[in-house]
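Let me begin by presenting the structure, written as structure tokens, before commenting on it.
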Amino acid sequence: MRFNIFWIVLGLLSNNGAGQTIPRPSLDRLAGAVGQIVVPSQDQYQRTQGSGVIVDPEGLVVTSYHVVQRSGTRAHAGVSNDVFFNPADPTRTDFPLDTKKMFRLQFVRAELQADLALFRIAKYADGRALGAGQKFPWLHLSSFEAVRILDPVFVMGFPQVGGDTLTVVEGKVAGKDAAHEWIKVDASLSRGYSGGAVINSIGDLVGIATEIRADVEEIDSERKGDPNVRVLYGIMNWVRPSSVLGRLLGSSPPPSARSAGSFLDAALIGGRVTSSGGKPVIGALVGLLKQGSQLASTENLISYARTDTAGQFQIRTAPGKYTLRIAAQGYAPKLEAVELKQAPKTLQITLNGTPLGEKR
């Protein structure tokens, strides 16, 4: 979340309501599912980027896309290669970055229009493998319909002004925007909360803290013809609701407030991308687009994945008809019309072209 100190101070002074809090046992149960998203910088010093939430017992982690975005334009930046998840421990007053407790994340896909990215816990940060059948604490999804204006909400995350410990702030639902898929809350948020959990009074996940919008006007206080003062009239925090998370995970959220199952049973498409010479194409961008699309844009890009060192990729989404667009440097882009059902679908895709370093 992009903010400056002037807006933060005013936000801290705002009235967020009072009276309802999360019982301590609930906080203890929820905290392990929320953590820091940590991305190493160029000097290898690990710095906090934002917050993340485990949303499935198999270890699926959701955060805001801009938290893990590489430098560059939004359309071409991609996701950082090294992303770690540092789960919260509310019993500790200090909260160091401990590689024995942190997890290394593996990128699954992103929904750029919603500013969301999905990862899977792959192993421990120090290289140790996960235990066989290891499960993780996770947050149940609340339905969009269950969220009501003036409901109390609690935002859990790691704001930069809050140090390295879990920070929880309280607020209310200020509004809902079903057409553009937003929930508005009045809790005081700042940078670092991006990707954090917004939960209701029973501990279900309402959505992901995503964006802060401020009503700012420049005023010419000295009447000299040039504005010299910026006045803040108010701020609003925007949350991506669980209905969008359900789509990102590959399944619509359940109508009930709680879900007992895993989101790994959605429609799955995968395969291998090779050159005309049969070599794997590494790092190819495989975009899942709306049916009939020719080019990827923020309006029609549903999800995407990149091929690994073997040229393989996987994307999970809801069943339906889509267009795949596969692109890689040095190759001509390719379009594939696909229909996804519950049964996994595997493709063998060949790209025409000659990248640098490969002989004709």
Side-chain angles (χ1 to χ4, degrees), residues 1 21-39 46-68 83-98 101-105 115-121 124-125 134-142 152-171 183 185 187-210 237 239-242 244-245 248-249 258-259 263:
M1 295 186 176
T21 58
I22 302 174
R24 181 57 185 261
S26 296
L27 179 58
D28 290 342
R29 177 179 63 83
L30 298 170
V34 181
Q36 292 173 306
I37 296 294
V38 180
V39 180
Q46 291 182 325
R47 56 193 172 89
T48 300
Q49 293 286 104
S51 308
V53 184
I54 303 177
V55 291
D56 185 275
E58 305 295 333
L60 294 179
V61 178
V62 172
T63 186
S64 293
Y65 177 78
H66 72 261
V67 168
V68 294
V83 179
F84 299 90
F85 181 77
N86 193 25
D89 184 350
T91 66
R92 299 184 60 168
T93 56
D94 62 327
F95 202 57
L97 298 179
D98 186 350
K101 296 184 177 181
M102 293 169 55
F103 298 102
R104 178 182 288 273
L105 299 181
D115 191 17
L116 293 174
L118 180 66
F119 291 83
R120 185 192 307 278
I121 295 177
Y124 285 94
Q134 183 170 345
K135 302 297 182 181
F136 300 90
W138 61 296
L139 298 189
H140 301 270
L141 301 188
S142 171
V153 290
F154 307 87
V155 186
M156 305 173 65
F158 293 84
Q160 294 182 15
V161 295
D164 290 330
T165 55
L166 178 68
T167 305
V168 182
V169 294
E170 183 180 357
I183 294 174
V185 301
S188 296
L189 305 186
S190 58
R191 289 178 298 173
Y193 269 119
S194 291
V198 180
I199 60 178
N200 58 22
S201 58
I202 62 173
D204 286 342
L205 186 66
V206 170
I208 299 296
T210 304
N237 304 288
V239 175
R240 283 297 182 192
S242 294
V244 181
L245 300 185
L248 180 71
L249 292 164
R258 293 188 178 274
S259 167
F263 287 99

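Just so it is clear, the structure is predicted and the values come from calculations on it, not from any experiment.
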Which atom of S194 lies closest to which atom of H66, heavy atoms considered = OG-NE2, 3.1 Å
Please assess V39 against F84 for the test side chain to side chain contact (heavy atoms under 4.5 Å, CB included), listing each intermediate value before the final yes or no.
-> CA-CA 6 Å; V39 180; F84 299 90; over 6 Å; no
Can you check whether L205's main-chain N or O pairs, donor with acceptor, with S242's side chain at less than 3.5 Å?
-> yes
Side chain to side chain contact (heavy atoms under 4.5 Å, CB included) evaluation trace for I121 with I54 = CA-CA 9 Å; I121 295 177; I54 303 177; 4.1 Å; yes
Sole residue of L139, V169, I199 in side chain to side chain contact (heavy atoms under 4.5 Å, CB included) with M156 = I199
Assert yes or no for the condition that the ring centre distance of F103 to Y124 is strictly below 6.0 Å.
-> yes
Could you tell me which non-hydrogen atom of L245 sits nearest to which non-hydrogen atom of V62, and how far apart they are?
-> CD2-CG1, 3.8 Å
When you measure from the side chain of N86 to the backbone N and O of M102, does any donor-acceptor pair fall under 3.5 Å?
-> no
Which residues share a ring pair (Phe, Tyr, Trp, His ring centres under 6.0 Å) with F85, sequence neighbours left out | none
Nearest-0.5 Å distance, CG of residue D204 to CD1 of residue I202 = 4.0 Å
With a 4.5 Å limit on heavy-atom distance, are the side chains of L118 and V61 in contact?
-> no
Residue list, side chain to side chain contact (heavy atoms under 4.5 Å, CB included) with T63, at least two apart or on another chain | I37, V67, V68, A117, F119
Minimum heavy-atom separation for S51 to G157, with atom names?
-> OG-CA, 3.4 Å
Which distance, rounded to the nearest 0.5 Å, do you find between the NZ of K135 and the CG of D56?
-> 8.0 Å
Minimal heavy-atom distance between V155 and A209, with the atoms involved, is CG1-CB, 4.4 Å
So do T167 and Y193 actually touch side chain to side chain, heavy atoms under 4.5 Å?
-> yes
Residues which pass side chain to side chain contact (heavy atoms under 4.5 Å, CB included) with V239, listed by chain and number, not counting sequence neighbours = I183, V185, V198
